[in-house]
J.: 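I am attaching a structure below and will ask some questions about it afterwards.
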Amino acid sequence: MQPFAYARPETLAEVVALLERHGPGARLLAGGTDLVINLRDGKVRPEVVVDVKRVPELAPGITAGEAGSLVIGATTTMTQLAAHPVIRRDLAALAEGAAVVGSVQIRNRATLAGNLCNASPAADTAPALLVHGAIVVATGPAGDRRIPLDEFFVRSGVTALGPAELVRAIEIPPQASRIASAHQRRTRRRGHDLASVTVACGVDAAGLVRVAYGSVGPRPLLRVDTTGTLADPRATDEARTAVLEAIFADATPSATSMRAGPEYRLAMLRVLGRRALEAALGRLDEAAA
Amino acid sequence: MIATLPIALVVNGAPRVVAVEPHHTLLEVLRDDLGLTGTKECCLVGECGACTVILDGRSVDACLVLAVEAEGLEVRTVEGLAVDGRLSALQAAFLDKGAVQCGFCIPGQLVSAQALLDEVPHPSRPEIEEGLAGNLCRCGCYEQIFEAVEATAAGEGHLTASAAPPAGANAGARSVEEGLDQ
């Protein structure tokens, strides 16, 4: 590994100052499950690695925010998300997505902010957060900025964060109608591989269905069924299929990926999309019962 | 030239101070600076689990942790499983069930299994499979490894019955030499 300096700031202001001073020469270190691999491969060659794990404002945890929102600390790990009773109850798709990231060892380190900032098309927490309308709270030299997650992802590896900005938290705004959600994923081998297809579905009592999917294009996508068909128990299978086909129409899986061929991914997206929908609808009924 | 940083950490219960370079991983420091070569270097991308250690109560791949990140934390390696030179019940169960062929992955398997048992004392088979999914065994001893974890959880450890554990040691601990001779 190429040498670099190490900084472990204890305030958010220090982190921002380091990012301003070093520009692209600074890299943030949270869980390190991607960064350390890239450092070893020489894909990134920073002057300074800035470890953000001891900054109180970025500490792990799920807390109540303003007006009924839920705030997830930037360095909350996948293990913590998957086990948290509030996440399991109110954001089931997120708990399920976090529970299948890598292995136990990876989940014990990998953080939510890291998963989002890497902006991998296969990010396991992204579809769940998209269907729950998550907002990225970014902070930088000009202060805080709130970015809807759907606008945060630009393309693989690229986010809407400015040069000296970082993610301080993820906020789940309160919904007028509670969203029941579920996550589905396909991978080649459990415990190691990235997702070949990842999809989450969220349904609210008003019948609005949100579907988000990843690993089938340059960034995760969010689509909303405004017709009410997917949540309508009287809708025919043909009608539902037509809506799902429209929702998945923007999937553009790579033809050259080593992980899965495009035909397979598209076929699995339809299967998993349906499973996620059924699971979310079931959970909505459970909650209503 | 980037200066070394002194870090203080607790390794297998003993406080240690080591001067580390920021770009050295916990794996490198454990093996090269502290001489704890039980933790194995293998894939270096967090896929094989051969370098698994317990960091502040959680299993991690030591190849993906910078040593400086461990400042002030507690590390438990495979060397920390045995007590007073006696194998733990888990280690004995690995021998008993024939879970070891080439042995290269075993330190990581043991540490992952220990972390699992620390959290879930009586894991189901699916919980064991998930708990050890981050540890590859190229000899394919998964079945025997899972059986060893189950036997430990069930308190079987019949290999250990002949050796009375020393006071204060893990229940069912037995001598390293005795275990290897089986």
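Bear in mind that the values here come from a model prediction, so they are computed numbers and not experimental data. We name chains A, B, ... by the order of the sequence lines, and we start the count at 1 in each one.
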J.: What residues of residues 23-32 of chain B sit under 4.5 Å from chain A when you count only heavy atoms?
T.: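 Interface residues of residues 23-32 of chain B: B:H23, B:T25.
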J.: Within a reach of under 6.0 Å around CD of B:E127, are more than 12 heavy atoms found that belong to other residues, nucleotides or ligands?
T.: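 Result for CD/B:E127: enclosed.
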J.: Using side chain to side chain contact (heavy atoms under 4.5 Å, CB included), reason through B:S59 and A:N108 one step at a time and then give a plain yes or no.
T.: CA-CA 7 Å; B:S59 62; A:N108 283 341; 3.3 Å; yes
J.: Any non-hydrogen side-chain atom of B:L66 less than 4.5 Å from a side-chain atom of A:F4?
T.: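 Yes, close enough: below the 4.5 Å cut-off.
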J.: To the closest 0.5 Å, what do you measure between CE (A:M1) and CD (B:E21)?
T.: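 Between A:M1 CE and B:E21 CD, I get 11.5 Å after rounding to 0.5 Å.
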J.: When you compare the side chain of A:V49 with that of B:P22, does any pair of heavy atoms fall below 4.5 Å?
T.: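 In short, these two side chains do not touch, never coming nearer than 4.5 Å.
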J.: With A:S156, which residues qualify under side chain to side chain donor-acceptor pair (under 3.5 Å), at least two apart?
T.: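 Listed in chain order: nothing, the list is empty.
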J.: Taking B:E71 first and then A:R54, would you say they form a salt bridge - that is, a charged N and a carboxylate O separated by under 4.0 Å?
T.: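 A:R54 and B:E71: not salt-bridged.
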J.: Going by the rule side chain to side chain donor-acceptor pair (under 3.5 Å), which residues pair with A:T139 if we only count those two or more places apart in sequence or in a different chain?
T.: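 Partners of A:T139 under the side chain to side chain donor-acceptor pair (under 3.5 Å) test: A:D144.
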J.: Is there side-chain contact between B:L64 and A:R109, with at least one heavy-atom pair below 4.5 Å?
T.: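 In short, these two side chains do not touch, never coming nearer than 4.5 Å.
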J.: For B:L44, is it the side chain, the backbone, both, or neither that has a heavy atom closer than 4.5 Å to a heavy atom of chain A?
T.: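 Looking at B:L44, backbone and side chain both touch chain A.
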J.: Pairing donors with acceptors under 3.5 angstrom, does anything connect the side chains of A:Q105 and B:T52?
T.: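 Yes, B:T52 and A:Q105 have a side-chain donor paired with an acceptor closer than 3.5 Å.
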J.: Does any heavy atom of chain B fall under 4.5 Å from the side chain of A:T79, the backbone, both, or neither of them?
T.: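 When you check distances to chain B, only side chain atoms of A:T79 fall under 4.5 Å.
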J.: With a cut-off of 6.0 Å (strictly less than), are more than 12 heavy atoms of other residues, nucleotides or ligands near CZ of B:R125?
T.: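 For B:R125, atom CZ is crowded (more than 12 foreign heavy atoms under 6.0 Å).
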J.: Counting only heavy atoms not in A:R219, do more than 12 fall under 6.0 Å of its CZ?
T.: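 More than 12 within 6.0 Å, yes.
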J.: Below 4.5 Å from any heavy atom of chain A, which atoms of B:L132 appear? Answer side chain, backbone, both or neither.
T.: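 Neither the backbone nor the side chain of B:L132 comes within 4.5 Å of chain A.
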J.: May I ask you to list the residues in residues 33-44 of chain A that approach chain B closer than 4.5 angstrom, counting heavy atoms only, ordered by number?
T.: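 The residues closer than 4.5 Å to chain B, in numerical order, are A:T33, A:V36, A:I37, A:R40.
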J.: For the interface with chain A, which of B:V68, B:L55, B:D61 has the highest count of heavy-atom pairs at distances below 4.5 Å?
T.: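 Most heavy-atom pairs within the cutoff with chain A belong to B:V68.
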J.: Out of curiosity, A:I106 CD1 to B:E47 CD, how far, rounded to the nearest 0.5 Å?
T.: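 Result: 8.0 Å between the selected atoms.
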